[in-house]
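Read through the structure below, which is laid out as structure tokens, and then see the notes.
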Amino acid sequence: MMLKSERRALSYDDVLLRPRYSEIESRTEISLSSDLGKGVKLKFPIISSPMDTISESAMAIAMNKAGGTAVVHRYNTIEEQCRIVKVTRALSEEDAYWDLMIGGAIGVSGDYLERAQALRQHFVKFICIDVAHGHHIMVKKALCTLRKLVGEGVHIMAGNVATLEGINDLADWGADSCNIGGGSICSTRIQTGHGMPGLHTILDCAQTDRDVKIIADGGIRNSGDIVKALAAGADAVMCGSLFAGTIETPGRVFEDIDGTKWKSYRGMASKEAQLEWHGRYSSYEGVATRVPFRGPLPDILSDLERGTRSGFSYSGARTLSELHAKAEFVTQTSAGHSESRTHIINRRW
Ligand code: IMP
């Protein structure tokens, strides 16, 4: 039996960025902004995932205030999804009303075109085709139909894909940006044996010669991973678990017997989510879990932004395009990985 490919596929922990000579004297000289095209501009290129335990109004407001955006999930009726967009607008400060950077997720079957139309009528800045396997004929049909329906001027994000062929095809079918990668709650690799290590996916997709932006989606655990994803070629990152458990996520806070507070976080392909939204489940490729209650999101977003700015400065990069050009990765061994962590905590004295 021949191996189809023997290329080494790298994960975030397999690499570090080599520090470069820097002339940046203050981190305020750095711009993190990213233009995804067709009016989707982010001051901090970070997007909250279209998941029912992550992105509704409060999340969208917090993400906007931090310079990012949110994709309102589609696990609701069209009316409910549009109500979330409307409420978010109403909560924006007045001068931010039309600038509100908010996207809406749709699927590829059933009412997806009606949903897209309704979202457009509520002035979402972009539409996100949100399915597990984006390199698929149903996505091709949906994307081509949607593009005809909304015209060239509307930004369409689509995914997820994990390969260069995938991103090229999505671009050819009409996508302006593509979600690539897999998440912390994802069990697709265990369930199906398919998938790609996160960083490799970005490096692979960054070889595209199409005019398409790359959204590194899932697997981001800290600002170091954000910097690595952007350095590898991403134009923005999409995150779920980084924001899970905050006040701004939908759902209630619940308490343990010992008083510890928690919130829910679950994959949209988990058995629990499928049962709730479809009343049945097929192959489940995600898990449902609880995460500690983590308080307000703005504090977390500020830390992430500061860490990302610092990361740019270690590469001597004032902008995202400079980071793309200057970043130099080195691979590390597992000893290097252990050394990279704050290793005093596990030291035996
Ligand atoms: P995280 O930031 O690592 O937690 O990953 C969030 C991303 O995981 C989302 O943006 C989706 O792309 C992906 N995702 C959401 N639900 C599922 C699931 O049930 N299975 C696999 N991936 C999922």
Side-chain angles (χ1 to χ4, degrees), residues 36-42 47-66 68-132 134 138-139 142-143 145-159 174-177 179 215 217 238 240 243 246-252 264 266 268-269 273-274 276-279 297:
L36 301 183
K38 300 184 182 169
V40 183
K41 283 188 189 162
L42 306 177
I47 306 171
S48 66
S49 300
M51 300 168 76
D52 66 354
T53 50
I54 297 294
S55 293
E56 291 187 358
S57 291
M59 177 62 61
I61 299 273
M63 293 303 293
N64 266 261
K65 285 192 172 153
T69 184
V71 184
V72 177
H73 70 87
R74 63 187 173 90
Y75 297 91
N76 40 26
T77 60
I78 295 176
E79 292 70 32
E80 174 61 11
Q81 192 182 19
C82 289
R83 196 192 61 80
I84 293 169
V85 176
K86 205 168 151 186
V87 166
T88 312
R89 262 186 205 295
L91 294 171
S92 300
E93 283 122 42
E94 217 159 283
D95 54 352
Y97 191 89
W98 293 111
D99 284 340
L100 184 79
M101 205 49 77
I102 189 165
I106 63 167
V108 292
S109 60
D111 63 9
Y112 76 98
L113 286 178
E114 214 183 317
R115 199 176 270 273
Q117 290 276 44
L119 287 166
R120 287 286 300 141
Q121 279 158 12
H122 285 80
F123 310 107
V124 290
K125 282 275 197 291
F126 62 99
I127 291 170
C128 174
I129 296 188
D130 161 44
V131 297
M138 285 179 74
V139 176
L143 193 43
T145 313
L146 181 66
R147 177 54 78 203
K148 275 196 204 122
L149 183 81
V150 298
E152 283 303 318
V154 176
H155 187 109
I156 304 178
M157 189 179 278
D176 299 296
S177 60
N179 302 61
I215 316 296
D217 180 7
M238 179 176 268
F243 311 139
T246 58
I247 291 175
E248 288 77 3
T249 59
R252 64 187 182 87
S264 293
R266 65 182 182 186
M268 297 318 305
Q274 289 189 50
E276 184 169 339
W277 295 115
H278 309 300
L297 180 60

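Side-chain atoms are counted along with the backbone in the values below, which use heavy atoms only and exclude waters and symmetry mates. All values reported here derive from a predicted model rather than from experimental measurement.
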Q: Verify the distance criterion only: is there a donor paired with an acceptor across the side chains of Ser55 and Ser48 at less than 3.5 Å?
A: yes
Q | For Cys128 against Val71, the heavy-atom pair lying closest together | A | CB-CG1, 3.8 Å
Q: Look up atom CE in Met268 and atom CH2 in Trp277, then write down how far apart they are to the nearest 0.5 Å.
A: 7.0 Å
(Q) Does Phe126 form a side chain to side chain contact (heavy atoms under 4.5 Å, CB included) with Leu36? I'd like the steps, not just the answer. (A) CA-CA 10 Å; Phe126 62 99; Leu36 301 183; over 6 Å; no
Q) Can any side-chain N or O of Gln81 pair as donor or acceptor with the backbone N or O of Tyr75 at less than 3.5 Å? A) no
Q: Rounded to the nearest 0.5 Å, what's the gap from CD1 on Ile106 to CD1 on Ile127? Could you check?
A: 6.0 Å
(Q) Using 0.5 Å steps for rounding, measure from the NZ atom of Lys65 to the OG atom of Ser92. (A) 8.0 Å
Q | For the student: nearest non-hydrogen atoms of Ile102 and Ala60, plus distance | A | CD1-CB, 3.9 Å
(Q) As a quick check of understanding, evaluate side chain to side chain contact (heavy atoms under 4.5 Å, CB included) for Glu152 and Lys38, giving each step before the final call. (A) CA-CA 9 Å; Glu152 283 303 318; Lys38 300 184 182 169; 4.0 Å; yes
(Q) What I'd like to find out is whether the side chain of Arg74 reaches to under 4.5 Å of the side chain of Pro50, using heavy atoms alone. (A) no
Q: Grab the two heavy atoms, one from Ala158 and one from Leu143, that are nearest each other, plus how far apart they are.
A: CB-CD2, 4.3 Å
**Q.** Spacing of Phe243 atom CZ and Ile47 atom CD1 [to the nearest 0.5 Å]
**A.** 9.5 Å
Q) Taking only residues two or more places apart in sequence, or in another chain, which ones meet Arg83 in a salt bridge (charged side-chain N to carboxylate O under 4.0 Å, His left out)? A) Glu80
Q: Might you point out which heavy atoms bring Gly240 and Met51 nearest each other, and give the distance in Å?
A: CA-SD, 4.5 Å
Q | Residue pairs passing the salt bridge (Lys or Arg N to Asp or Glu O under 4.0 Å) test where at least one lies in residues 114-126, sequence neighbours excluded | A | Asp111-Arg115
Q) Do you know the tightest heavy-atom contact between Ile78 and Ala118? A) CG2-CB, 3.5 Å
**Q.** Residue pair Glu248, Met59: steps toward the side chain to side chain contact (heavy atoms under 4.5 Å, CB included) verdict
**A.** CA-CA 5 Å; Glu248 288 77 3; Met59 177 62 61; 4.3 Å; yes
Q) Can you name the closest pair of heavy atoms from Met101 and Gly68 and give their distance? A) CB-O, 4.1 Å
**Q.** Summary of salt bridge (Lys or Arg N to Asp or Glu O under 4.0 Å) pairs that have at least one residue in residues 48-62, sequence neighbours excluded
**A.** Asp52-Arg266
Q.
Can you tell me how far apart CG (Asn179) and CG (Asp130) are? Round to the nearest 0.5 Å.
A. 7.5 Å
Q) Just by distance, do the side chain of Arg147 and the backbone of Val154 share a donor-acceptor pair under 3.5 Å? A) yes
Q. If you round to the nearest 0.5 Å, how far is CE of Met238 from CD1 of Ile54?
A. 11.0 Å
**Q.** Lys41/Asp99 salt bridge by N-O under 4.0 Å criterion
**A.** no
Q) Got Ile247 and Leu297 here, is their nearest side-chain heavy-atom distance under 4.5 Å? A) no
Q. Leu113 and Leu146: side chain to side chain contact (heavy atoms under 4.5 Å, CB included), yes or no, with the steps?
A. CA-CA 7 Å; Leu113 286 178; Leu146 181 66; 4.2 Å; yes
Q) Side-chain contact, heavy-atom cut-off 4.5 Å: Asn76 with Ile84? A) yes
